[in-house]
Amino acid sequence: MTGQSSNWQKTIEGEWFGLPSVFDAEGNHIGYNRVSRSSVFDQETGKTTYVMNTGLLDATGPLAARFEVVDIFAFGVIDSDRDRIYLGPDFVGAGHPYGTLVDAHYYSPLWTADLRTMVHILPDMQTQVYSSLLYDGPKICAVFNGIYKVAHDYHTNPETQARIDAFCETERINGRKPHVLPSKKSGTWHGEMMVYGSDQQSLGVNQVSIDYRPLDLLRAELIVSISGVFGKQYKFNRYRNGNRHFFEGPDLFGNSFGYGRALYTSQHFYGEAFKIRGREFLIDDNFTLSVVWQWYQSDRMQYTTFGVLTWSEN
């Protein structure tokens with residue numbers, strides 16, 4: 001069967017390079033995984049093959065032996081913008097595109113882990129914010145996360161090699177940084193977030209602002225204002241204890257856990273059957289956030305929203 005590749009496949013053309021950090025279940029940084037990966041669509045055969053080359057760096061502890069790979073990962077993909085079905089042998093499951101975000105759930109026989117992977121392609125279309133939560137049954141056993149850059153001539157162009165290699169070295173430093181917000185400075189995050197329905201169809205754009213005011217060195221008051229496809233405003237206090245974060249009302253309650261720069265959140269609205277499961281990723285030293293919020297009404301996903309929010313100090 002021949003034909004055209006999906007829109008998602010077109011957005012990830014090229015080879016993507018990164019140095020994602022590896023964390024244990026408690027959020028301790030235990031090393032890096034040097035990765036280059038590509039998803040290649042053959043127009044003549046209509047087949048898509050995903051190839052990933054990995055290698056652990058500076059990894060310590062029992063997880064190092066579990067996740068070290070001496071051969072290149074490769075698996076077939078049934079490509080579409082509804083479901084990208086992974087056919088093995090190295091990954092079995094599916095990914096679900098929402099525009100420039102993919103939310104994937106699959107199994108790795110080699111790692112003997114169930115993975116929940118999220119990739120957000122930033123507006124420059126050259127950068128991916130990536131994370132994988134790895135599970136043994138319901139229990140997290142490890143987390144990979146980091147930022148990737150794309151190249152189309154890495155293996156033939158010395159300038160491209162130098163640029164990508166230099167970027168990966170910055171990830172060696174940045175990947176260890178924790179998700180810590182300002183403790184003495186007030187400000188606002190603002191930006192646009194794409195909105196998709198549960199059917200993965202675009203519904204439009206939300207304007208989002210988050211007013212942030214520290215109450216002490218570990219607590220802050222936040223007011224979130226959303227307008228556009230749907231409107232919502234809510235206020236809550238936020239408390240951090242190490243890499244654990246807590247949301248303490250009055251409008252929203254919940255908690256979250258940080259693995260390096262990525263914070264994985266679970267938030268429940270008071271008096272409503274409405275909740276958010278999210279990932280908030282600090283992508284630079286200016287507190288710029290890649291944000292993914294998945295909204296659930298009556299425990300059924302209603303919206304997937306994502307975007308980049310920029311910080312400005314008051």
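Side-chain atoms are counted along with the backbone in the values below, which use heavy atoms only and exclude waters and symmetry mates.
Side-chain N or O atoms of K275 include none that pairs as donor or acceptor with a backbone N or O of Q297 at under 3.5 Å. Checked by atom type and distance alone, the side chain of Q233 never pairs as donor or acceptor with a backbone atom of V224 at under 3.5 Å. T305 contributes a side-chain N or O that, together with a main-chain N or O of W293, makes up a donor-acceptor pair within less than 3.5 Å. N286 places no side-chain N or O within donor-acceptor distance of the main-chain N or O of T288, the cut-off being under 3.5 Å. Distance alone, capped at 3.5 Å, is enough to place a donor-acceptor pair between the Q200 side chain and the R82 backbone. Here the side chain of T112 pairs no donor or acceptor atom with the backbone of P109 at under 3.5 angstrom. Within the 3.5 Å criterion, the main-chain N or O of K47 finds a donor-acceptor partner in the side chain of T45. Between the side chain of H179 and the main chain of R261, a donor-acceptor pair closer than 3.5 Å is present. A distance-only check finds no donor-acceptor pair linking the side chain of S298 to the backbone of R300 [under 3.5 Å]. D103 contributes no side-chain N or O that, together with a main-chain N or O of H96, makes up a donor-acceptor pair within less than 3.5 Å.
Of all non-hydrogen atoms in L217 and S183, the two that sit nearest each other are O-CB, 3.5 Å. Between Y264 and S131, the shortest heavy-atom distance links the atoms OH-CB, 3.0 Å. Heavy atoms only, all atoms of each residue included: P123 and V308 are closest at CD-CG2, 3.9 Å. Listed here is the closest heavy atom pair of H245 and G242: NE2-O, 4.3 Å. Contact record, G95 with V102: C-CG2, 4.1 Å, taken as the closest heavy-atom pair. Of all heavy-atom pairs spanning D136 and C141, the tightest one is OD2-CB, 3.4 Å.
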>> Could you go through D285 and K177, starting from their C-alpha distance and side-chain angles, then the distance that decides it, and tell me whether this counts as side chain to side chain contact (heavy atoms under 4.5 Å, CB included)?
In response: CA-CA 10 Å; D285 290 335; K177 294 180 179 178; 2.9 Å; yes
>> Quick one, I210 with L309, criterion side chain to side chain contact (heavy atoms under 4.5 Å, CB included). Give me CA distance, side-chain angles, the key distance, then yes/no.
In response: CA-CA 9 Å; I210 304 173; L309 303 182; 3.8 Å; yes
>> One pair to check against side chain to side chain contact (heavy atoms under 4.5 Å, CB included): D251 and F236. What are the steps and the verdict?
In response: CA-CA 6 Å; D251 299 328; F236 61 94; 5.7 Å; no
> Are F91 and F75 close enough, and set up right, to give a ring-ring contact (aromatic ring centres under 6.0 Å, His included), and what steps lead you there?
Replying inline: CA-CA 6 Å; F91 293 116; F75 56 98; 5.2 Å; yes
> Could you go step by step and tell me if F67 and L110 meet the side chain to side chain contact (heavy atoms under 4.5 Å, CB included) rule?
Replying inline: CA-CA 8 Å; F67 296 128; L110 179 60; over 6 Å; no
> Could you walk me through whether D114 and K139 pass the salt bridge (charged side-chain N to carboxylate O under 4.0 Å, His left out) check?
Replying inline: CA-CA 10 Å; D114 198 61; K139 180 184 177 182; over 6 Å; no
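Under the 4.5 angstrom side-chain criterion for Ile, Leu, Val, Met, Phe, Trp and Tyr, the cluster partners of Y196 are Y98, L101, M118, M194, V205, V292, Y296, M301, F306. With a 4.5 Å cut-off between side-chain heavy atoms of Ile, Leu, Val, Met, Phe, Trp and Tyr, the cluster of I85 takes in I78, L87. Counting Ile, Leu, Val, Met, Phe, Trp and Tyr side chains that sit under 4.5 Å apart, directly or through other members, L57 shares a hydrophobic cluster with L19, Y32. Hydrophobic cluster of Y270: the remaining members, joined at side-chain heavy-atom separations below 4.5 Å, are F253, listed by chain and number.
Within a 6.0 Å radius of CZ in R277, no more than 12 heavy atoms belonging to other residues, nucleotides or ligands are found. For K10, the NZ atom sits in a packed shell: over 12 heavy atoms of surrounding residues, nucleotides or ligands are nearer than 6.0 Å.
Looking at T117 and S132, their side chains do bring a donor and an acceptor atom within 3.5 Å of each other. Using modelled atom types, one finds a donor on one side chain and an acceptor on the other under 3.5 Å when comparing T188 with D211. One side chain, T127 or D124, offers a donor N or O that lies under 3.5 Å from an acceptor on the other. Side chains of S39 and Q9: a donor-acceptor N/O pair is present below 3.5 angstrom, by distance only.
Pairs of residues two or more places apart, or lying in two chains, that qualify as ring-ring contact (aromatic ring centres under 6.0 Å, His included) and include a residue from residues 197-225 are W189-Y212, Y212-W311. The side chain to side chain donor-acceptor pair (under 3.5 Å) contacts involving residues 51-65 comprise D58-R172, where partners must be two or more places apart or lie in separate chains. Sequence neighbours left out, the pairs with a member in residues 19-30 that pass side chain to side chain donor-acceptor pair (under 3.5 Å) are S21-H29, D24-N28, E26-R244, H29-R176.
In terms of hydrophobic clustering, with Ile, Leu, Val, Met, Phe, Trp and Tyr side chains grouped at heavy-atom distances under 4.5 Å, V22 and F73 are assigned to a common cluster. In this structure, I12 is not a member of the same hydrophobic cluster as V51, with clusters built from ILVMFWY side-chain heavy atoms closer than 4.5 Å. A continuous path of hydrophobic side-chain contacts links Y106 to M52 [ILVMFWY only; heavy atoms under 4.5 Å]. Under a hydrophobic-cluster definition in which Ile, Leu, Val, Met, Phe, Trp and Tyr are linked whenever side-chain heavy atoms come within less than 4.5 Å, directly or via other members, V143 and W111 are assigned to different clusters. Side-chain heavy atoms closer than 4.5 Å link hydrophobic residues (I, L, V, M, F, W, Y) into clusters, and following such links, possibly through other members, connects V150 to Y50.
For the side-chain hydrogen bond (donor to acceptor under 3.5 Å, both in side chains) test, residues two or more places apart in sequence or in another chain that qualify with E272 are K232. By the salt bridge (charged side-chain N to carboxylate O under 4.0 Å, His left out) test, R279 is found to be paired with no residue, residues two or more places apart in sequence or in another chain being considered. Scanning for salt bridge (charged side-chain N to carboxylate O under 4.0 Å, His left out) contacts around K235 gives E221, with sequence neighbours left out. The ring-ring contact (aromatic ring centres under 6.0 Å, His included) check on Y303 picks up F230, with sequence neighbours excluded. Scored by the ring-ring contact (aromatic ring centres under 6.0 Å, His included) test, F246 finds Y239 as partners (sequence neighbours excluded).
Each of N174, V129, L181 was compared with L282 under the side-chain contact (heavy atoms from CB on, under 4.5 Å) criterion, and only L181 meets it. A ring-ring contact (aromatic ring centres under 6.0 Å, His included) with F17 is found for one member of Y154, Y130, Y148 and no other, namely Y154. Applying the side-chain contact (heavy atoms from CB on, under 4.5 Å) test between E15 and each of H155, K149, H152 identifies H155 as the sole match. Residue E68 is tested with N33, L56, L63 for a side-chain contact (heavy atoms from CB on, under 4.5 Å); the sole match is L56.
No side-chain heavy atom of D153 sits under 4.5 Å from any side-chain heavy atom of Q161.
Rounding to the nearest 0.5 angstrom, the gap separating the CD1 atom in I276 from the CD atom in Q294 is 11.0 Å. F269 contributes atom CZ, which lies 7.0 Å from atom CD of Q267 (distance to the nearest 0.5 angstrom).
Relative orientation of the F257 and Y259 rings is tilted, given thresholds of 30° and 60° on the angle between their planes.
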